[in-house]
A.B. asks: 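Attaching a single structure in structure tokens format; questions to follow.
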Protein chains: 2
Amino acid sequence: MSYPFKPDPRLDLTLERKLDAPRELLWRAMTVPEHVKQWFTPKPWLITDCEIDLRPGGLFRTRMQSPDRTEVNDRRCCYLDIVENERLVWTDALLPGYRPSGEPFITAVISLKPDGKGTRYTATAIHRDAATRNNHEEMGFFDGWGTVADQLAQYVKTI
Amino acid sequence: MSYPFKPDPRLDLTLERKLDAPRELLWRAMTVPEHVKQWFTPKPWLITDCEIDLRPGGLFRTRMQSPDRTEVNDRRCCYLDIVENERLVWTDALLPGYRPSGEPFITAVISLKPDGKGTRYTATAIHRDAATRNNHEEMGFFDGWGTVADQLAQYVKTI
């Protein structure tokens, strides 16, 4: 059974969108590396590599690169909860195999719910405390995650 | 499916014991708060409170107290993987609901395997790097976790 997830507005940040696509298609776009590479970082940043081992404890890696190639963010996360077409949870507090990481920041929860002919897409970032949450908001959470959701909506029209 | 767990000797510490008890009994001792309180910290330290929400994402809390009550360690961990009578995995890198914690140190994996009339008990502490592993060893991992395993072996004879 999946853990019943309840975001805490003092600690968590949530972005919601209604997307004009069936959730099975969104799920594919979220869980297949060749798809993830096309939308998962705000352009013009690029994802140059993506690895997915889709099971609890498995690796979710994305290597992001700035347009001028001077900045690289090679991010290794661990999947925690996977409910096909419904919910995907991963964290950077753990590496694959549940190993504690050196740089814990968020746990991400993406949920997909049928909504008319489309899908209600809800993306939540879970933080350890209010200071981390507020810092993430100031860093541009809504702009960044919103852009990524828009890119997902555009990309799924092409697959 | 459970993640196939492979300890890395450079990063992880493992304690093995053959215990003279069936694994179903050990599992009960490990997963019911009234039992956990009796053996899970080296005496004469006490566990004064224990909460268990036995599901992935659920709380594993133990409040440990020194004999003179001057030191208290109230530890909130998150269960990650639960295979009844076989494997129990939790971490202090996450709080319940998969929230990143402020003080990540280890992920613990306890595995139970039938071994003759008894059980092979294997307890592994997974660390983020070799320095943390080595520090844990110097802090007395083998003495502490060994004492706890001995206390478990003694305690299950009484239930």
Side-chain angles (χ1 to χ4, degrees), chain A residues 1-14 52-60 75-84 87-111 124-133 135-136, chain B residues 1-14 52-60 75-84 87-111 124-133 135-136:
Chain A
M1 189 190 65
S2 265
Y3 193 82
F5 174 63
K6 286 181 204 157
D8 178 336
R10 294 171 306 128
L11 302 175
D12 305 326
L13 292 164
T14 298
I52 288 178
D53 178 7
L54 196 63
R55 54 184 171 178
L59 171 67
F60 176 37
R75 199 151 167 258
R76 298 174 75 219
C77 298
C78 179
Y79 286 114
L80 295 169
D81 189 18
I82 297 159
V83 185
E84 193 175 356
R87 180 151 66 157
L88 193 57
V89 182
W90 70 86
T91 188
D92 58 16
L94 298 173
L95 298 171
Y98 302 124
R99 182 176 303 286
S101 83
E103 298 172 70
F105 178 48
I106 62 161
T107 294
V109 179
I110 312 292
S111 89
T124 303
I126 303 177
H127 309 87
R128 68 173 173 278
D129 53 30
T132 309
R133 176 217 172 277
N135 187 40
H136 195 185
Chain B
M1 189 190 66
S2 264
Y3 194 81
F5 174 63
K6 286 180 203 156
D8 178 336
R10 294 171 306 127
L11 302 176
D12 305 327
L13 292 164
T14 298
I52 287 178
D53 178 8
L54 195 64
R55 55 184 170 178
L59 170 68
F60 176 36
R75 200 153 166 257
R76 298 174 75 219
C77 297
C78 179
Y79 286 113
L80 295 168
D81 190 19
I82 296 158
V83 185
E84 193 174 357
R87 179 151 65 156
L88 194 58
V89 182
W90 70 87
T91 189
D92 59 16
L94 297 173
L95 298 171
Y98 302 123
R99 183 177 302 286
S101 83
E103 298 172 70
F105 178 46
I106 64 162
T107 294
V109 179
I110 312 292
S111 88
T124 302
I126 303 178
H127 308 88
R128 68 175 174 275
D129 54 28
T132 308
R133 176 217 171 277
N135 187 40
H136 195 186

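All chains are named by letter (A, B, ...) in the order of the sequence lines, taking the proteins before the strands, and each is independently numbered beginning at 1. Quantities reported herein were computed from a predicted structural model and do not represent experimental measurements.
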A.B. asks: Is B/D92 in contact with chain A via its backbone, its side chain, both, or neither, using a 4.5 Å heavy-atom distance?
C.D. replies: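 Looking at B/D92, nothing touches chain A.
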A.B. asks: Which atoms of A/I106 come close to chain B, meaning under 4.5 Å heavy atom to heavy atom: side chain ones, backbone ones, both, or neither?
C.D. replies: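 When you check distances to chain B, only backbone atoms of A/I106 fall under 4.5 Å.
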A.B. asks: Below 4.5 Å from any heavy atom of chain B, which atoms of A/V89 appear? Answer side chain, backbone, both or neither.
C.D. replies: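 Answer is side chain: those atoms of A/V89 sit under 4.5 Å from chain B.
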A.B. asks: Can you name the residues of residues 95-105 of chain B that have some heavy atom under 4.5 Å away from a heavy atom in chain A?
C.D. replies: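 Listed by number: B/P96, B/G97, B/Y98, B/R99, B/P100, B/S101, B/G102, B/P104, B/F105.
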A.B. asks: How would you list, by chain and number, every residue that makes a side-chain hydrogen bond (donor to acceptor under 3.5 Å, both in side chains) with A/N135, sequence neighbours excluded?
C.D. replies: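 For A/N135 there are no side-chain hydrogen bond (donor to acceptor under 3.5 Å, both in side chains) partners, ignoring immediate neighbours.
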A.B. asks: Examine whether an atom of A/D129 lies under 4.5 Å from a heavy atom of chain B, and if so say whether it belongs to the side chain, the backbone or both; otherwise answer neither.
C.D. replies: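 For A/D129, there is no contact with chain B at all, as no heavy atom is under 4.5 Å.
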A.B. asks: To the nearest 0.5 Å, what is the distance between SG (A/C78) and CG (B/L80)?
C.D. replies: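 Here the interatomic distance stands at 7.5 Å.
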